[in-house]
2 protein chains.
Amino acid sequence: MAIAKSPALPSLATTKGGRGSLATQVRDQLRTRILTHEWNEGKKIPSEFDLAGQYQVSRVTIRTALKALEAQGLLDIRHGSGAYVANFGAAIRAGLQELRSITDTIREMGFEPGMTHRVVKRRGATADEALRLQIAEGEPVLYMERAILADDEVVAYSYDAVAIRDTPEKSIGEMGKGSVFGAFAKLGIFPVRALAEIHAISSMDIGWGKGRPKSGLYLLLKQLHFLRDGVPVMASDTYFVEGRFQFIIHRTL
Amino acid sequence: MAIAKSPALPSLATTKGGRGSLATQVRDQLRTRILTHEWNEGKKIPSEFDLAGQYQVSRVTIRTALKALEAQGLLDIRHGSGAYVANFGAAIRAGLQELRSITDTIREMGFEPGMTHRVVKRRGATADEALRLQIAEGEPVLYMERAILADDEVVAYSYDAVAIRDTPEKSIGEMGKGSVFGAFAKLGIFPVRALAEIHAISSMDIGWGKGRPKSGLYLLLKQLHFLRDGVPVMASDTYFVEGRFQFIIHRTL
DNA sequence: AGTCAATAGTTGTCCTACAACTTGATCGAA
DNA sequence: TTCGATCAAGTTGTAGGACAACTATTGACT
């Protein structure tokens, strides 16, 4: 039962000046250790006491991290026995219930993500956009039409509207290029949740270009992204080509 | 700052002999207090210290409960400030990321749930079912074909296969009648998670009866329900009629 | 072999104390 | 007044120690 700080573990506070609470940092590190299969699925991970020793934090902090991972479905904590790795690692990472960028998800699925922009412009909000973004009609939004690719094949067409509000002009340009969430992060804007509505759509009016599917069958993900305090920042309608993208949801109590 | 146990609160241990840990009981009670709008959306709830006094438990227990609710997206806890009610109560309850029976969801949406059984029989597992349920091909399963109604209108057709395993014969009959999960509960079987796959389907071969939609457009929810230890117990393919049932997902980090 | 009791290990809860952060009030200077 | 800094009170985050409740294994006994 020797307690020694494993030198292989990246230290906590020093990694990046501390981005979030201690428990959050520990949670993220344990998360990657689980997802990289450091412990086999179904296997017991070290006790809270041991982990506290490894990370040099209190048992409270470890417990908070473990509970969070249990809530995400990655762990199964049993009173008096221990914490066990659930056997759904990959599915959870790809699950819709986790808010992550489509690009990242595609990359983790082993494909090469890509994106082509058809429309990127600043214009007044439509009635529908104004309603969803809780702004006045006609107020400026950044409107985009993009095709999302995986290994050069179109997997989805996305129609997005970002509320401008106080966004400086120069930063708006960046969104039209790389990752939208990357641009958000630079501005200190962090959407922490999204409300998504799912529909089955059969239409020939969706999409463009030669990669456009003939079936016309799509899964529409109608999303609204929110900040911590509940302010909506982006409304996006993404049409996923049926069959080319796996939609998984991990449901828990 | 007077700490008095509110007499309106149901006591914890006495309610039902204690179904789960203290923190879980507190979580459930706080959850209903939130969903019944005891505190307005966006408003601050009492401090951990106050709640500990109300429920006569330690601050640790309250913290555990609050953290769980935060993970579910019902609360927003801010360091140094307090815990605030998120403005997504209804959406979260109806959200797919929460594992609840369709019947309950329909009822909470204000409709009268119903169900008609077309097929209820015990037969050997098909190759696909055997694979999903992790049993041998031909082993007995309870197979059902049901139509799910809301206010006497068909919202979905479901094709389900339940792994029999040690289930006593008489209990199998009950599943064919009322709620499947109700029958599970009586047997002490509690599915705690499900992995769902979503597809858009356009087909005229789905469904039956005169309520069958003409469009032939469905959202297929292909589910597999698991026990705590990862044993699959039920595989169900549910075809939701596009437009008649709102599919929402609450996505969080 | 089978049953039961003891035991060590693990998670759940409690207590106390303090650190870190947020918010509003207070006060002083421009 | 108006702005800004400072302060104080309130709240969440982390620490450490202690014990209760539960699990799984071992070992003794029948």
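Small disclaimer: the values here were computed from a predicted structure and weren't measured. Letters go in sequence order (proteins before strands), and every chain restarts at 1.
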Engineer: Among C:dC15, C:dT11, D:dG13, which is the nearest nucleotide to the side chain of B:Arg63?
Structural biologist: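 That would be D:dG13.
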
Engineer: From D:dT14, C:dC14, D:dA21, pick the nucleotide closest to the side chain of B:Leu22?
Structural biologist: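 It is C:dC14.
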
Engineer: Would you say the side chain of A:Arg59 and the base of C:dG12 hold a donor-acceptor pair, judged only by whether the two atoms sit under 3.5 Å apart?
Structural biologist: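 Side chain to base: pair found, below 3.5 Å.
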
Engineer: Calculate the interatomic distance between A:Arg78 atom CZ and D:dA21 atom P; express it in whole Å.
Structural biologist: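 The answer, rounded to whole Å, is 22 Å.
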
Engineer: Just compare D:dT14, C:dT13, C:dC21 and give me whichever is closest to any side-chain atom of A:Val60.
Structural biologist: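 Shortest atom-to-atom distance from the side chain points to D:dT14.
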
Engineer: Does the side chain of B:Asp128 come under 3.5 Å of the side chain of B:Thr126 through a donor N or O and an acceptor N or O?
Structural biologist: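 No.
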
Engineer: State plainly whether the residues A:Asp28 and A:Arg31 are in salt-bridge range, i.e. N to O under 4.0 Å.
Structural biologist: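 No salt bridge links A:Asp28 with A:Arg31.
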
Engineer: Between A:Phe49 (CZ) and C:dA8 (C1'), how many Å, whole number?
Structural biologist: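 Rounding to the nearest Å, CZ of A:Phe49 and C1' of C:dA8 are 14 Å apart.
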
Engineer: What integer distance in Å separates A:Tyr84:OH from C:dT10:C1'?
Structural biologist: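 It is 9 Å, rounded to the nearest whole Å.
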
Engineer: Given D:dT12, D:dA15, C:dT13, identify the nucleotide with an atom nearest to the side chain of B:Ala23.
Structural biologist: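 Ranking D:dT12, D:dA15, C:dT13 by closest atom to the B:Ala23 side chain puts C:dT13 first.
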
Engineer: Considering only D:dT12, C:dG12, C:dT23, which nucleotide approaches the side chain of B:Ser81 most closely?
Structural biologist: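 Nearest listed nucleotide: C:dT23.
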
Engineer: Can you figure out which of C:dC14, D:dT12, C:dT11 approaches the side chain of A:Glu48 most closely?
Structural biologist: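 For A:Glu48, the side-chain atoms sit closest to C:dT11.
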
Engineer: So, using salt bridge (charged side-chain N to carboxylate O under 4.0 Å, His left out) as the criterion, who are the partners of B:Asp237 when residues are at least two apart?
Structural biologist: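 In terms of salt bridge (charged side-chain N to carboxylate O under 4.0 Å, His left out), with neighbours along the sequence ignored, B:Asp237 is linked to B:Arg132, B:Lys222.
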
Engineer: Find the distance A:Leu69:CG to C:dT11:P and express it as a whole number of Å.
Structural biologist: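 Going from CG in A:Leu69 over to P in C:dT11 covers 14 Å.
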
